[in-house]
Amino acid sequence: MDRARWQRMLTLLPICLALAFSLTAMGSSHWCEGIRRMTKPLCQDLLGGLNCIHFSRSSSSTGSKHDDSQAVQYIWEAGDDKFIQRRFHAGLWQSCEESLNSTGERCRCFLGIVPAEGQGVLWLSIGAEILDIFLILTGVILLGFSMSCYSSGCSWLNVDASVAILMVLAGLLGMVAHMMYTTSFQITVNLGPEDWRPQTWDYGWSYCLAWGSFALCMAVSVATMSRYTTAQAEVPRARKGGPYPQHNTPQPGPSQKVWQTGATPHPVGHVFTNVPGHPPPGTGGKVSMC
C-alpha cells in the first residue's frame, strides 16, 4: 500500500468515529440529566413506603367511617418530607424520568414539553444535526471510493480538498446544533410545564459525544487541509527539479581573430572574412579580403 492510500486510511478512521458519535448522540436521550422535585402522592397504607404521603381518615363515634367527601385527612409528613426527588434525562426526541416504584422509567415526547417559544429553535437544532450527519457520511463515502481507486490517475489533492471542506462544514453545523439545543432546553426549564421543571440539571454523556464528534471533524479538516497545502507547495519544486533542468551556458567565444586593415572602411556590400591560421608572408601582418 503506497503512502497516499495509507494516509487516507488514517484519515478515514476519525471520520467514521465522528459519524458513530453523532448517530449515538442523536438517537439517545441523555443530552441533559438532572433531578426533579415533586410532591408525593397520597397513600392510606404502608405499602407505598417512602414514595407517598401516609394519611388516615377520621371515624364516627359509632365506629363507621364518614363519606370520602366529608373525611378528614391527617397527613403525618411535613416540610421536605412531602416531596420526593426523581432523576430524569432528556434528549432531542424524548424526556424520561424514574417511576415511583423505581422499577422503570416513564418517557414522553420532548417536543410536547418544549413551549412554543422554543420549538422553532429545537426544530432547527434537529435539522442541523441531520445535515451534520449527512456531510460526515458524504466524507466517508468519498474517502472510501478514493481508496478503492487503484488507477494512477486518481487525484488525491482533489479528494483532500473536498474532505476538508465537508468536515469543516459538518463541524460548524454540529456546533450550531448543539448550541441551539442548549437554548431550547433552557427555555423549557424556565417556561415549561410545572410538573416537568427540574430542580438541578447538567449535561449528560450524549452531549459530550456530540461535542466529541465536532472536535474530530475539525481536527480532520485541519490535518487534511495542511496536507493539501503542503502538496501544493511541493508541486513547483518538483517542476524545477525535473529531468530537463535549464542551465545558464555561456556563449562560445570566437576561436579566431579578425584581421582588419587600417584603411578606410569599404563601402556597403563588402564583407570582411576571417583568415584561419597565420597571415601569408609579405602582408605586413594585415590581410583584407573582399
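Note that the coordinates shown come from a computational prediction; the quantities given were computed from them, not determined experimentally.
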*Indicate the ring-plane relationship of F185 and F88, choosing parallel, tilted or perpendicular according to the 30° and 60° boundaries.*
parallel

*asked:* Over 60° means perpendicular and under 30° means parallel, so tell me whether W211 and F214 are parallel, tilted or perpendicular.
replied: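 The arrangement is perpendicular - the two ring planes meet at more than 60°.
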
Can you find a pair of side-chain heavy atoms, one from [X] and one from [Y], that are under 4.5 Å apart?
X: M175; Y: M218; result: no
X: E33; Y: D202; result: no
X: E97; Y: E105; result: no
X: T188; Y: P115; result: yes

Any idea which heavy atoms bring [X] and [Y] closest together, and the distance?
X: S28; Y: A25; result: OG-O, 3.1 Å
X: L135; Y: L166; result: CD2-CD2, 3.9 Å
X: M180; Y: A128; result: CE-CB, 4.2 Å
X: L216; Y: P14; result: CD1-O, 3.9 Å
X: R227; Y: T11; result: NH2-OG1, 3.3 Å
X: I136; Y: M167; result: CA-CE, 3.8 Å

Please report the interatomic distance [atom1]([X]) to [atom2]([Y]), rounded to the nearest 0.5 Å.
X: L173; Y: I130; atom1: CG; atom2: CD1; value: 12.0 Å
X: L111; Y: L92; atom1: CG; atom2: CG; value: 9.0 Å
X: M26; Y: S206; atom1: CE; atom2: OG; value: 12.5 Å
X: Q94; Y: R106; atom1: CD; atom2: CZ; value: 12.5 Å

*Taking the six-membered ring where the residue is Trp, are the ring centres of W31 and Y181 under 6.0 Å apart?*
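W31 vs Y181: aromatic centres under 6.0 Å.
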
*Check: W201 ring centroid to Y203 ring centroid under 6.0 Å*: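 So the answer is yes for these two rings.
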
Under 3.5 Å donor-acceptor, [X] side chain and [Y] backbone:
X: S213; Y: A18; answer: yes
X: R197; Y: G192; answer: yes
X: T224; Y: D160; answer: no
X: T229; Y: S226; answer: yes
X: T24; Y: F21; answer: no

*Any chance you could lay out the side-chain hydrogen bond (donor to acceptor under 3.5 Å, both in side chains) test for H178 and E129, step after step, and finish with the verdict?*
CA-CA 8 Å; H178 309 338; E129 288 287 348; 2.8 Å; yes

Check the hydrophobic clustering (I, L, V, M, F, W, Y; side-chain heavy atoms under 4.5 Å; chains of links allowed) and say if [X] and [Y] are grouped together.
X: L124; Y: M179; value: no
X: L23; Y: I141; value: yes
X: L191; Y: V114; value: no

*What residue among C96, S95, C32 forms side chain to side chain contact (heavy atoms under 4.5 Å, CB included) with F110?*
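Per the side chain to side chain contact (heavy atoms under 4.5 Å, CB included) rule, the option paired with F110 is S95, out of C96, S95, C32.
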
*Dump the intermediate steps for side chain to side chain contact (heavy atoms under 4.5 Å, CB included) on C217 and V168, then the final yes or no.*
CA-CA 7 Å; C217 288; V168 73; over 6 Å; no

*Begin with the C-alpha distance, continue with both residues' side-chain angles, and end with the deciding distance and a verdict on side chain to side chain contact (heavy atoms under 4.5 Å, CB included) for I15 and V163.*
CA-CA 10 Å; I15 297 179; V163 170; 4.0 Å; yes

*Give the intermediate values and the outcome of salt bridge (charged side-chain N to carboxylate O under 4.0 Å, His left out) for residues R86 and E98.*
CA-CA 6 Å; R86 299 164 63 181; E98 295 177 344; over 6 Å; no

*List the steps, then state whether side chain to side chain contact (heavy atoms under 4.5 Å, CB included) holds for V176 with L172.*
CA-CA 6 Å; V176 172; L172 292 176; 5.6 Å; no

